[in-house]
Protein chains: 2
Amino acid sequence: MQVQIFLRGAEILQISSRFTIAVHILECIRYFEGEASITSEFLSGSIGVNAVIIRRIISQLKSAGLVKVGRGRIGVLSARNLDDVTLYDVYSAVEAVSSGGLFHFHPNPNPKCPVGKNIHALLDDTLRKIQRSFEDRMRSVTLKDLQSVTVDITE
Amino acid sequence: MQVQIFLRGAEILQISSRFTIAVHILECIRYFEGEASITSEFLSGSIGVNAVIIRRIISQLKSAGLVKVGRGRIGVLSARNLDDVTLYDVYSAVEAVSSGGLFHFHPNPNPKCPVGKNIHALLDDTLRKIQRSFEDRMRSVTLKDLQSVTVDITE
DNA sequence: GATAATGTAACACAAAATATTACAGGAGGA
DNA sequence: TCCTCCTGTAATATTTTGTGTTACATTATC
């Protein structure tokens with residue numbers, strides 16, 4: 001049996017670390033804004049990730065309207081009240097999930113097979129709903145909520 | 001801003017297609033069992049994916065107790081009533097999510113930074129609950145449910 | 001005007017997913 | 001029994017995605 005043996009490595013499918021990095025960035029802004037100039041280099045130090053990566057993610061957060069960036073020696077600033085930003089706001093800012101969905105469908109089911117012909121009809125709607133539910137759950141948590149250790153997400 | 005320009009390609013993070021392939025395999029068994037010898041070659045034809053990939057996934061489904069495989073000219077058979085198999089059963093059979101979670105955390109937050117020090121305390125519990133909720137949603141759908149076009153997953 | 005930071009290209013590298021080839025070994029049928 | 005078909009799985013290649021690194025033009029503040 002030994003399934004693990006021929007599965008090379010972890011085989012983990014995950015939401016990219018861009019998401020937790022983005023939350024980390026926003027939390028740094030919440031903590032340091034007004035106190036320090038929050039540059040990509042500064043953030044790189046707290047997050048432990050290359051400054052260019054940070055800048056890319058900041059660009060995405062900026063496109064999503066969450067932060068604004070001054071050139072020169074300003075650093076990153078909040079563009080709205082970050083208390084109200086939800087995890088979904090962050091997630092959708094940094095993951096291009098829109099274009100494909102959370103699930104990856106095998107691309108060539110055989111239309112000549114009675115099962116292959118119907119597999120999309122069978123699954124698409126349900127998978128879409130599951131994804132939607134996942135996103136709604138992320139919408140229900142704001143950055144402010146994270147501060148209270150026991151967030152009430154019904155488990 | 002043209003975020004897309006410097007994001008190479010799709011940047012999509014997805015549940016591997018092993019999941020939909022596995023559902024496809026099980027649906028083929030539900031449809032063809034008793035009618036035809038369901039070999040990896042046969043499935044490869046319906047699914048449009050290499051037969052070796054199919055065999056690996058079948059091995060995982062077998063480990064999970066969903067199917068059994070005869071050697072020789074038998075092919076794949078159901079090992080239990082597939083009507084009752086949930087999407088989570090399939091998902092957990094083919095994704096090694098257990099070892100890392102759905103979310104990928106950046107591995108080196110700086111413990112000397114007041115934010116970096118607390119980022120795990122801030123996020124871990126909430127992310128775990130979101131993942132749990134995602135999995136529960138998959139648990140609520142069986143293969144039989146898929147047959148009725150309008151599955152009642154509260155949206 | 002000097003300095004420091006961003007925006008982003010270009011490229012390198014690592015990790016994961018999938019494809020392909022190959023073949024040993026078991027089961028069933030002739 | 002022997003042949004054939006199919007599985008199990010190794011080895012390897014290819015593709016895709018994510019991340020790291022270097023570089024530099026641009027722009028805002030000091």
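In what follows, chains carry the letters A, B, and so on, assigned in the order in which the sequence lines appear, proteins first and then strands, with residues in each chain numbered from 1. Treat the numbers as computed from the prediction; the structure is a model and nothing was measured.
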**Q** Does the side chain of Ser40(A) pick up a donor-acceptor pair with the side chain of Arg55(A) at under 3.5 Å?
**A** yes
**Q** Rounded to whole Å, please give me the gap between CD1 in Ile53(A) and P in dT6(C).
**A** 14 Å
**Q** Reckon Arg55(A) has a side-chain N or O less than 4.0 Å from the OP1 or OP2 of dA5(C)?
**A** no
**Q** Would you call Asp125(B) and Lys129(B) a salt bridge, taking side-chain N to carboxylate O under 4.0 Å as the test?
**A** yes
**Q** State yes or no: do Ile57(B) and Val52(B) share one hydrophobic cluster built from I, L, V, M, F, W and Y residues joined by side-chain heavy-atom distances below 4.5 Å, directly or via other members?
**A** no
**Q** Arg18(A) has an atom CZ; how far is it from atom C1' of dA15(C), in whole Å?
**A** 15 Å
**Q** Taking only the side-chain nitrogens and oxygens of Lys62(A), find out if one of them lies under 4.0 Å from OP1 or OP2 of dG7(C).
**A**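 Yes, because at least one side-chain N or O of Lys62(A) sits under 4.0 Å from OP1 or OP2 of dG7(C).
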**Q** Side-chain N or O of Ser17(A) less than 4.0 angstrom from OP1 or OP2 on dT19(D)?
**A** yes
**Q** Figure out the CD1/P separation between Ile25(B) and dT7(D), and round it to whole Å.
**A**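 Rounded to the whole Å, the gap is 11 Å.
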**Q** Please determine if Asp83(A) and Arg30(A) form a salt bridge, counting it only when a charged side-chain N lies under 4.0 Å from a carboxylate O.
**A** yes
**Q** Can you tell me how far P of dA16(C) sits from NE2 of His104(A), to the nearest Å?
**A** 17 Å
**Q** Check the distance between dC6(D)'s C1' and Ile58(B)'s CD1 and give it to me in whole angstrom.
**A**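 Whole-Å distance recorded here is 11 Å.
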**Q** Would you list the protein and nucleotides 28-30 of chain D atom pairs, both N or O, that sit under 3.5 Å from each other?
**A**
from    : atom 1 : to       : atom 2 : distance (Å)
dA28(D) : O4'    : Arg71(A) : O      : 3.4

**Q** Can you classify the ring geometry of His24(A) versus His106(B) as parallel (below 30°), tilted (30 to 60°) or perpendicular (above 60°)?
**A** tilted
**Q** Val115(B) versus Cys28(A): any side-chain heavy-atom pair under 4.5 Å?
**A**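 Val115(B) vs Cys28(A): side chains touch.
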**Q** Using a 4.0 Å heavy-atom cut-off across all strands, classify Val52(A) as base, sugar-phosphate, or nothing.
**A**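 Base, at least one base atom sits under 4.0 Å.
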**Q** Starting at CG of Leu77(A) and ending at C1' of dT6(C), how long is that distance when rounded to a whole Å?
**A**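 Spelled out: CG on Leu77(A) to C1' on dT6(C) is 13 Å.
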**Q** Just to verify, what does Phe134(A) make a ring-ring contact (aromatic ring centres under 6.0 Å, His included) with, not counting sequence neighbours?
**A**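 Phe134(A) satisfies ring-ring contact (aromatic ring centres under 6.0 Å, His included) with Tyr91(A), Phe134(B) only.
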**Q** Before accepting this row, confirm whether a basic side-chain N of the pair Asp136(B)/Arg132(B) lies closer than 4.0 Å to the acidic partner's carboxylate O.
**A**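 Salt bridge present between Asp136(B) and Arg132(B).
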**Q** Separation of Phe103(A) atom CZ from dA17(C) atom P, in whole Å?
**A**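 It is 15 Å, rounded to the nearest whole Å.
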**Q** Can you list, by residue number, the residues of residues 36-51 of chain B that have a non-hydrogen atom closer than 4.0 angstrom to DNA chain C?
**A** Val49(B), Asn50(B)
**Q** On the nucleotide dT8(C), are OP1 or OP2 found under 4.0 Å from the side-chain N or O atoms that Arg56(A) carries?
**A** no
**Q** Using modelled atom types and a 3.5 Å cut-off, is there a donor and acceptor pairing between side-chain atoms of Gln131(B) and backbone atoms of Leu102(B)?
**A**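 Yes, the answer is positive, given that a donor and an acceptor are paired below the 3.5 Å cut-off.
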**Q** Mind calculating the distance between CD1 (Ile54(A)) and P (dT6(C)) to the nearest angstrom?
**A**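 After rounding, the gap between these two atoms is 11 Å.
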